[in-house]
Amino acid sequence: MHALGVFFLLLQAVLALLAASYLYYDWKLGAASVPSSSAAGRAVAALVPPDASSVVDLGSGWGGMALAVARAHPQVKVTGIEYALPPYLFSRLRQFFSPALKNLSFLREDLFGYPLAPVSAVICYMPPEMMERLAPKLARELRPGAVVISNSADWPGRTPEKTVEVPALLLAEKIFIYRIAS
Ligand SMILES: C[S@@+](CC[C@H](N)C(=O)[O-])C[C@H]1O[C@@H](n2cnc3c(N)ncnc32)[C@H](O)[C@@H]1O
């Protein structure tokens with residue numbers, strides 16, 4: 001077999017491995033690593049309160065939304081929490097190529113174990129079933145005045161402080177903003 005044949009065989013193996021791991025983590029975690037659009041990332045960044053000191057992206061995927069917030073708010077500490085290995089590694093790579101962003105970090109952790117008490121704002125893009133699982137943790141741990149900015153899924157049983165439509169060519173996205181009552 002010549003070199004080109006070996007190259008395509010390896011490429012197929014890598015793609016098959018990526019596809020298998022994507023399906024595995026989707027099945028294990030209950031949320032696929034589908035990224036927010038860049039317009040939604042910018043809209044979320046614009047909604048972060050100016051007095052926020054720390055923002056956590058719960059399920060940061062490939063890192064786009066956390067990066068958008070870190071770029072827009074260099075004074076805010078931004079942390080992305082992601083458990084699935086391929087998107088986590090990719091987000092670390094993006095961080096490596098953005099050395100100016102000293103305020104951004106990514107952790108490979110289960111978001112359900114990450115403490116939210118010190119956090120000023122949570123951002124997320126989750127399917128509704130995951131938002132339902134996440135809601136009790138948000139209600140229990142976030143301090144009064146903290147903000148939840150959720151792309152697409154609402155917080156069941158709560159009235160948003162504000163909603164924002166992000167126009168798109170195919171499907172408009174809706175962003176929900178909630179504030180923990182004092
Ligand atoms: C729809 S993606 C959103 C990615 C990113 N926030 C964005 O807006 O582009 C949701 C991510 O949450 C991650 N996730 C789901 N459950 C998780 C858990 N228990 N711990 C950490 N990450 C989780 C998934 O792996 C997936 O990458």
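One-based numbering, in listed order, for ligands and for the atoms of each. Here, residue 1 is the first one in the sequence, and each next residue gets the next number.
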Okay, side chain of [X], backbone of [Y]: is any donor-acceptor separation there less than 3.5 Å?
X: Asn103; Y: His73; answer: yes
X: Thr79; Y: Ser105; answer: no
X: Ser120; Y: Ser53; answer: yes

Could you go through ligand 1 and note, for every N or O atom, any protein N or O atom closer than 3.5 angstrom, writing the atom names and distance to 0.1 Å, or 'none'?
{"unit_1": "ligand 1", "atom_1": "6 (N)", "unit_2": "Asp57", "atom_2": "OD1", "d": "3.2"}
{"unit_1": "ligand 1", "atom_1": "6 (N)", "unit_2": "Asp57", "atom_2": "OD2", "d": "3.2"}
{"unit_1": "ligand 1", "atom_1": "6 (N)", "unit_2": "Gly59", "atom_2": "O", "d": "2.8"}
{"unit_1": "ligand 1", "atom_1": "8 (O)", "unit_2": "Ser36", "atom_2": "OG", "d": "2.5"}
{"unit_1": "ligand 1", "atom_1": "9 (O)", "unit_2": "Ser36", "atom_2": "N", "d": "2.8"}
{"unit_1": "ligand 1", "atom_1": "19 (N)", "unit_2": "Asp110", "atom_2": "OD1", "d": "2.8"}
{"unit_1": "ligand 1", "atom_1": "20 (N)", "unit_2": "Leu111", "atom_2": "N", "d": "2.9"}
{"unit_1": "ligand 1", "atom_1": "22 (N)", "unit_2": "Tyr83", "atom_2": "N", "d": "3.3"}
{"unit_1": "ligand 1", "atom_1": "25 (O)", "unit_2": "Glu82", "atom_2": "OE2", "d": "2.6"}
{"unit_1": "ligand 1", "atom_1": "27 (O)", "unit_2": "Ser33", "atom_2": "OG", "d": "2.7"}
{"unit_1": "ligand 1", "atom_1": "27 (O)", "unit_2": "Glu82", "atom_2": "OE1", "d": "2.8"}
{"unit_1": "ligand 1", "atom_1": "27 (O)", "unit_2": "Glu82", "atom_2": "OE2", "d": "3.4"}

Task: Under 4.5 Å side-chain linkage, directly or through intermediates, the cluster mates of Phe176 - done: Val56, Leu58, Ile81, Leu107, Leu111, Phe112, Tyr114, Leu116, Val119, Val122, Met126, Met130, Met131, Leu134, Leu138, Leu142, Val148, Trp155, Tyr178, Ile180
- [ ] Return the set of residues passing salt bridge (charged side-chain N to carboxylate O under 4.0 Å, His left out) with Glu161 (not counting sequence neighbours), or none when no residue passes.
- [x] Arg179
TODO: Please list, chain by chain and in numerical order, all residues satisfying side chain to side chain contact (heavy atoms under 4.5 Å, CB included) with Ala39, sequence neighbours excluded.
DONE: Ser37, Arg42, Val166
